[in-house]
Amino acid sequence: MDNKKIADTLEETADLMEIAGIDGFRIRSYRNAAQIVASLSEPIVTILQDSDRNITDIKGIGKSIASALKDLIERGSFSRRDEMLEKYPPTALELLKISGLGPKTIATIHHHFRISTIDGLEQLCRDGKLRELPRMGEKLEHRILRGIEIYKRNAGRFLINFAHQTAIELVNYLNENNDSNDITAAGSLRRGKETIGDVDLLVTGPKTTNAIDRFVEHPSVNEILVHGDTKASVTVGREGLQVDVRALETDSYGAALQYFTGSKEHNVALRERAVRMGLRLNEYGLYRNDDGTKIAGQCETSIYEALGLSWIPPELRENTGEIEAAAEGTLPELIRADEIVADLHMHTTESDGYFSMNEMAEAARKKGYQYIAITDHSKALAMANGLDESRLLKQIKQIREASERWEDFTILSGCEVDILQNGKLDIDNEVLAQLDLVIASVHSHMDIESEKMTDRLLHVLENPYVNILGHPTGRLLLRRDPYVYDFERVVAEASKCNVHIEINASPERLDLGFPHLRVAKSSGVKFTISTDAHHTKHFDNMQYGVLSARRGWLTVNDVLNTLSLEKFLKTLVR
DNA sequence: GCCGTTTTCGGCCCGACTGTTTTCAGTCG
């Protein structure tokens, strides 16, 4: 059992313990242990098997969890988990994903109605049965029904980082065979879409049948849906992500890559264009209608060229103007990940991060960045141990001192300041004035009506110390809708005030998304792409932020953390 | 369940909102 699986099992147990109403601190120990296990570079098994070492030497792992880990590896479970699963079926875990429904309510419902599935719960709400229970009423029934609706709408989709990691793992596995096949991920993953329904892998080369046979034998394959000579379809992991592999002839590889990358709308438009030109486009190639001659297919570029277009980056293939731009030769030169020189939103152990300022700085520097901004939470976010004025002043001093150490690297002192319900910030202006960078973000009162939210954000922009509007729509992918306000008006005002807009690269947010980005870009506002890292490994999420930016047609000129420090600081002057 | 110059017990993580109540339990961040 690998570390990830162990961590997942510990988390799962912690979830069940929540429902069982077990002491919160005890649950936290399990979650903490899960986090530790997940971030270990060495397999737990190796440590346990080494008689010279003691797993309890790792901070956060004591006697009980050490024994749980041992049992987990030996027999796939441990007593606390068994005990929980005896009380609550695993389907109860799914209920926790419904917004507005927490462990206590799930436990009460299970206790009274013996119901622990989403469908069962939905029926209960529709029948108005929930209101029979203490402290539950009609409004709660409605809230849960709405939560179920959102959950169902998003079910079966996955965050891009999860799909991406799965794809990398499978591609590496197939490459291990060294049968000189080419393997590429197509589909929405290649287009950089924020959420992915299934992963499409294309294999071409001399031994594609071997590759497909090997693919279905991968240890994380759960269920084989289809297994033929040229196609296999499976679900992987306990999450059940569907992965399709297709084997292709080398001379139609480009056509297949184009076809399976999509989007559907883009492909339809492309085929229509082909028809108008007396051509026919399908997954095998581009053909002349009159005599059936194949005129392109081996590579994507040849297909686009034959259609009178420049090659279109996958991120733009949504049929929202990219074909016209490609015809006119006016496609933008999209921003590239290697052009990013700074990360401007991250947290440390001062608030809710996992690493100290120095550790974050070292990791960022190693990544090749020229500068970063430390932006811990402010005091209104008490749960995240947000900083008040005096702690912030102290931190500014520490940052200045730490930053002195390097010639080639700078730490900016920043803060992710909370936007209160009235549109004011929760840190005094005198202190904000001393920061290099102020990100203003909404973390509460997210469901107020549109007009109030618009006013609230417009009010924030009036504060002369605000530089960046953080995760501007507040969405949590697959979990929470963006909050509602007059976005166009707010970005227009931001552009006027020289407040920049953040593209939050966290795979759970990827906020802004593509339609918002297009609107924002046309307002003339400038962007920063930042990871909101709470862990050094989160720096790697920058790639997803860049993908989002590319989907929004952004170029290097739109994104400010591509600038040298000197030039960047000039963009902060209001 | 973990930790420890406050060390074998007691602290760890808190404030605000909502919906249900008439004082507070549950949820969220």
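Note on naming: letters A, B, ... go to the chains in the order of the sequence lines (proteins, then strands), and numbering restarts at 1 for each one.
Rounded to whole Å, the C1' atom of dC2(B) lies 15 Å from the corresponding atom of dC13(B).
Within a heavy-atom distance below 4.0 Å of DNA chain B, the residues of residues 13-26 of chain A found are D23(A), F25(A), R26(A). Only at 4.0 angstrom or more do the heavy atoms of residues 117-132 of chain A sit from any atom of DNA chain B, so none qualifies. Of all the residues in residues 48-76 of chain A, I58(A), K59(A), G60(A), I61(A), G62(A), K63(A), S64(A), I65(A) reach under 4.0 Å from DNA chain B with at least one non-hydrogen atom.
Side-chain contact of D376(A) with T348(A): a donor-acceptor pair under 3.5 Å is present, judged by distance alone.
Applying the ring-ring contact (aromatic ring centres under 6.0 Å, His included) criterion to F162(A), with sequence neighbours excluded, gives F158(A). Here Y483(A) pairs with Y485(A) under the ring-ring contact (aromatic ring centres under 6.0 Å, His included) rule; sequence neighbours left out. By the side-chain contact (heavy atoms from CB on, under 4.5 Å) test, R400(A) pairs with I396(A), S413(A), D436(A), sequence neighbours left out. Every residue meeting the salt bridge (Lys or Arg N to Asp or Glu O under 4.0 Å) condition with E83(A), not counting sequence neighbours, appears here in chain and number order: R80(A). Scanning for ring-ring contact (aromatic ring centres under 6.0 Å, His included) contacts around Y544(A) gives H164(A), with sequence neighbours left out.
At least one side-chain nitrogen or oxygen of R28(A) sits closer than 4.0 Å to the OP1 or OP2 atom of dC13(B). Checking the phosphate oxygens (OP1, OP2) of dT27(B), a side-chain nitrogen or oxygen of T105(A) falls inside 4.0 Å.
Between D343(A) and Y369(A), the closest side-chain pair of non-hydrogen atoms falls below 4.5 Å.
Of the possible polar contacts, none joining the S188(A) side chain to the R191(A) backbone as a donor-acceptor pair under 3.5 Å is found. In this structure, the side chain of H112(A) does not engage the main chain of I109(A) through any donor-acceptor pair within 3.5 Å.
For residues 91-101 of chain A, no residue pair satisfies the salt bridge (Lys or Arg N to Asp or Glu O under 4.0 Å) rule, not counting sequence neighbours. Residue pairs meeting the salt bridge (Lys or Arg N to Asp or Glu O under 4.0 Å) criterion with at least one partner in residues 30-50 of chain A, sequence neighbours excluded, are E11(A)-R31(A), D15(A)-R31(A), E18(A)-R31(A), E42(A)-R53(A).
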Residues 377-387 of chain A, side-chain donor-acceptor partners within the protein, below 3.5 Å, at least two apart:
| unit_1 | atom_1 | unit_2 | atom_2 | d |
| --- | --- | --- | --- | --- |
| H377(A) | ND1 | E416(A) | OE1 | 3.4 |
| H377(A) | NE2 | D352(A) | OD2 | 3.4 |
| S378(A) | OG | D418(A) | N | 2.9 |
| S378(A) | OG | D426(A) | OD1 | 2.6 |
| S378(A) | OG | D426(A) | OD2 | 3.2 |
| K379(A) | NZ | E389(A) | OE1 | 2.9 |
| K379(A) | NZ | E389(A) | OE2 | 3.2 |
| K379(A) | NZ | D426(A) | O | 3.3 |
| N385(A) | OD1 | R391(A) | NH1 | 3.4 |
| N385(A) | ND2 | E350(A) | O | 3.2 |

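Here H443(A) and H445(A) keep their ring centres 6.0 angstrom or further from each other.
Shown here, dC2(B) forms a base pair with dG11(B); the pair counts as Watson-Crick or G-U wobble because both key distances fall under 3.5 Å.
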One character per nucleotide, please: for nucleotides 17-25 of chain B, 5' to 3', B when the base has a protein heavy atom closer than 4.0 Å, S when only the sugar-phosphate does, - otherwise.
S-BB---BS

